[in-house]
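What follows is one structure encoded as structure tokens, with my remarks underneath.
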Amino acid sequence: MTEPIVIIGGGMAAGHAAVGLRESGFDGELIVFAGEPHPPYERPPLSKGYLAGKTTVEDTYLKPSEWYADQHIDVRTGTRVERIDVDDHRVHAADGSQPFSKLLIATGAQPRTLSLRPTEHIETAYLRSLDDSTHLRERLTPGSRVLVVGGGWIGMEVAATARGLGAGVTLVEPADQPLLNALGQELGQRLADVHRRHGVDLRTSTSVDTLRGNHAILSDGTELEVDTVLVGVGAAPDDSLARDAGLDVDNGILVDAGLRTSHPDVFAAGDVANQLHPLLKERVRVEHWQSAVSQGKFAAHALMGESGEYDELPSFFSDQYDLGLEYFGHPGSAGSDSVRIEDGSSGPDSLVARWYRGDLLVAAMHVNEWDRSDELKEQVRAAR
């Protein structure tokens, strides 16, 4: 009797792999160790719609719990895998061990932390899980005072959502502009201006030093009275299980073009996978929804023994206030040396931006120019 396929993870990569296996005709035993007390769910709403109270917990689920039961998929919520024995083809959890024929590791990433101790009056928070978002939502009330540490995608989205809920928001970012590494100086400045127009006290070249009483002490000596500090300073791949199992790991689990790890029966997908990308010709690890979805779907076929290469270029989206941003491509380790920005036709903040390395188009982005999404995506892919 063939042992089951086992999936470790509770996000989009894990969920889409499970769904894809059934939709592709796999009728064998399938087990998902979701880890959290929820079936696989989407993470973008955690800083946007769900955090804003516009959607429910169930709206974030890829499929309702009943669907997995109907499809004879054993989703073990609240059960975390503690160890993987790749030689013996077993995973070990608190409730026992489980053999596998093929294994997918889709454990995602975990927030990077700061050594900020909460006080009696100030709570420090991180945003990675559905339960994190539920708790943060309870604190974002009209008149509450929030300090967001970090001007990356999570920090900027939470700042926008918190303002929409009536909270007072200060955002501090150590760099010259928010999203500087992702977008560059000019576009970072434009997005910062949008937040300031919406009432965010956005301070660049500034960080937080310590918390004392009901005050946050900033690097410039300023003291702010706050209730909640939301830390959004990036994430690290949750690759400890793979490392302890002896799989090759370096900034995530190293996988080939087909998402296979250094063990032939073990695959990885999503935020935790550091893939040798067949088009970009270098290793790429992407922490965005679209890659998790697409790699999960691809992994389903790989787990069934189908050969192929995952060659989709990275892309992501972000919603902040009434702005929708969509980004295609990946500048890679060589980066880009110029960006060309043209104003859009869909409002004062709409635009299209293209990043180049020499004459090579490496990435493109639009703001509120949704009718140009396909055009930009195809331009970036064709350049490769």
Side-chain angles (χ1 to χ4, degrees), residues 11-13 16 43-44 106 108-109 112 151-154 156-157 175 177-188 191 234-237 239 249-260 268-299 308-319 324-341 351-367 369 372-384:
M12 284 293 94
H16 277 283
R43 297 191 189 274
R112 299 186 186 277
W153 296 111
I154 292 295
M156 297 290 271
E157 289 175 355
Q177 296 296 341
L179 296 164
L180 185 64
N181 290 338
L183 302 183
Q185 187 80 24
E186 181 174 350
L187 289 170
L191 200 54
D239 55 17
V249 171
D250 183 10
N251 182 33
I253 303 171
L254 299 184
V255 296
D256 63 15
L259 304 185
R260 191 185 304 269
D271 295 7
V272 76
N274 189 347
Q275 185 213 12
L276 185 59
H277 199 283
L279 291 184
L280 299 173
K281 307 300 182 185
E282 64 177 307
R283 290 206 168 273
V284 177
R285 188 179 70 80
V286 181
E287 295 175 3
H288 292 294
W289 177 88
Q290 186 59 59
S291 291
V293 170
S294 298
Q295 287 189 1
K297 292 178 178 180
F298 181 93
E309 294 184 339
Y310 177 81
D311 63 358
E312 185 174 317
L313 290 176
S315 64
F316 63 87
F317 66 91
S318 178
D319 297 317
L325 298 81
E326 197 171 22
Y327 184 104
F328 306 100
H330 186 74
S333 58
S336 62
D337 49 39
S338 65
V339 59
R340 303 171 194 175
I341 303 170
L351 60 86
V352 170
R354 295 179 178 87
W355 285 263
Y356 292 85
R357 185 165 61 249
D359 294 326
L360 176 65
L361 176 66
V362 295
M365 182 187 79
H366 76 81
V367 177
E369 293 289 304
R372 302 188 65 178
S373 290
D374 291 342
E375 167 199 343
L376 294 173
K377 183 176 181 179
E378 289 306 313
Q379 287 177 355
V380 173
R381 187 171 181 86
R384 293 293 180 170

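From a predicted model like this one, the values you see are computed outputs, not experimental measurements.
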Using the ring pair (Phe, Tyr, Trp, His ring centres under 6.0 Å) criterion, which residues pair with [X]? Sequence neighbours excluded.
X	result
Tyr356	none
Phe328	none
His16	none

Got [X] and [Y] here, is their nearest side-chain heavy-atom distance under 4.5 Å?
X	Y	answer
Val284	Pro314	yes
Gln275	Leu259	yes
Val362	Arg384	yes
Leu279	Tyr310	no
Gln177	Leu191	no

For Glu157, salt bridge (Lys or Arg N to Asp or Glu O under 4.0 Å) partners two or more places apart: Lys48
Suppose we screen for salt bridge (Lys or Arg N to Asp or Glu O under 4.0 Å). Which residues come up paired with Arg285, at least two apart in sequence or across chains? Glu287
Test of understanding: with side chain to side chain donor-acceptor pair (under 3.5 Å), list the residues that count as partners of Arg260, not counting sequence neighbours. none
Got a donor-acceptor contact below 3.5 angstrom from the Arg372 side chain to the Met365 backbone? no
Under the 3.5 angstrom rule, does the side chain of Glu312 hit a backbone N or O of Ser294 as a donor-acceptor pair? no
Between His288 and Ser315, do the side chains contain a donor N or O and an acceptor N or O under 3.5 Å apart? no
What do the steps show when you test Leu325 against His366 for side chain to side chain contact (heavy atoms under 4.5 Å, CB included), and what is the final call? CA-CA 6 Å; Leu325 298 81; His366 76 81; over 6 Å; no
Just verifying a value: how many Å separate Arg354 CZ and Ile341 CD1, rounded to the nearest 0.5 Å? 11.5 Å
